[in-house]
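The structure appears right after this line, and notes come after that.
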Amino acid sequence: MVKYFSCTGVLKSTWDQVCIAFWQRYPNPYSNHVLTEDIIFREVTPNNCLISRRLMTKTSRAPRWMERYLPKHMASSAYIIEDSIVDPQKKTMTTLTWNISHARLMSVEERCRYQINPENGSWTEVTREAWISSGVYGLTRAIQEFGLARFKKSVTKTMKGFEYVLAKMQGETPSRTLAETATERARETALAAKEKAKDLASHAHKKQYV
């Protein structure tokens with residue numbers, strides 16, 4: 001039994017801009033889990049399609065109950081293969097991504113298709129599909145549910161990362177990351193607490209001399 005998931009999103013940039021951003025996605029504040037990326041194959045076909053294969057290393061911390069099934073050196077990282085085809089005539093880009101490490105434990109295959117949004121020619125539509133499977137007897141369902149939940153979270157980060165890179169490319173100020181917003185709010189809270197503490201200490205000091 002394989003878990004299947006699909007979703008469609010929109011990037012408010014042209015298809016050409018999205019294709020350029022695709023090769024400049026890393027690093028960005030939403031992809032700290034991507035450690036390395038290497039192009040291991042690339043060619044242009046007779047009909048001018050660009051075919052590429054990349055090898056990526058990502059952090060992939062498994063839940064504690066799953067770590068017992070992994071060697072220690074493999075429990076925190078994963079190797080990913082990404083194939084892509086860019087067709088400039090049809091204005092489509094298709095990617096196929098799958099993990100080559102931990103594949104027996106959990107295999108995640110993802111296919112994405114980037115094409116011009118039919119309702120707005122200046123936007124790009126992203127159709128994403130994923131197939132999640134596991135070969136661990138007795139834990140298949142639990143592992144697939146875990147993989148599906150993690151994949152859904154990664155989709156949100158991937159789209160935010162794309163938007164961040166596109167904004168920088170177009171000379172705009174990228175929206176702040178959640179971490180930056182949280183840090184600023186923490187500073188504001190700490191400052192307010194500090195001022196309140198000073199005020200309370202001042203009142204306490206005055207009472208001693210009343």
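Side-chain atoms are counted along with the backbone in the values below, which use heavy atoms only and exclude waters and symmetry mates. FYI, the numbering just counts along the sequence from 1.
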- [ ] Under the side-chain hydrogen bond (donor to acceptor under 3.5 Å, both in side chains) rule, collect the residues that match up with S13, sequence neighbours excluded.
- [x] Q170
TODO: Keeping to residues at least two apart or across chains, list the side chain to side chain donor-acceptor pair (under 3.5 Å) pairs with something in residues 137-148.
DONE: K3-E145
Task: Pairs where residues 85-94 contributes a residue and the test side chain to side chain donor-acceptor pair (under 3.5 Å) is met, not counting sequence neighbours - done: D16-K91
- [ ] Report the residues that fulfil salt bridge (Lys or Arg N to Asp or Glu O under 4.0 Å) with R111, sequence neighbours left out, ordered by chain and then residue number.
- [x] E129
Task: Inter- and intrachain pairs under salt bridge (Lys or Arg N to Asp or Glu O under 4.0 Å), touching residues 94-110, at least two apart - done: E110-R128
- [ ] Applying side-chain contact (heavy atoms from CB on, under 4.5 Å), name anything that partners N47, two or more places apart in sequence or on another chain.
- [x] T45, C49
Task: Residues that S154 engages under side-chain hydrogen bond (donor to acceptor under 3.5 Å, both in side chains), provided they are two or more places apart - done: none
Task: Hydrophobic cluster partners of L55 (side-chain heavy atoms under 4.5 Å) - done: I40, Y79, I81, L96, W98, I100
TODO: Name all residues meeting the side-chain hydrogen bond (donor to acceptor under 3.5 Å, both in side chains) criterion together with S84; count only those two or more places apart in sequence or in a different chain, and write none if there are none.
DONE: none
Open item on the list: Holding to side-chain contact (heavy atoms from CB on, under 4.5 Å), I want the full list of residues that pass it with L50, two or more places apart in sequence or in another chain.
Closed with: W23, R42, V44, S52, V86
- [ ] Under 4.5 Å between side-chain heavy atoms, chaining through other members, with only Ile, Leu, Val, Met, Phe, Trp and Tyr counted: pull out the rest of the cluster around Y4, sorted by chain and number.
- [x] V2, W131
Open item on the list: Suppose the criterion is salt bridge (Lys or Arg N to Asp or Glu O under 4.0 Å): which pairs have a residue in residues 19-39, not counting sequence neighbours?
Closed with: R25-E82, E37-R54
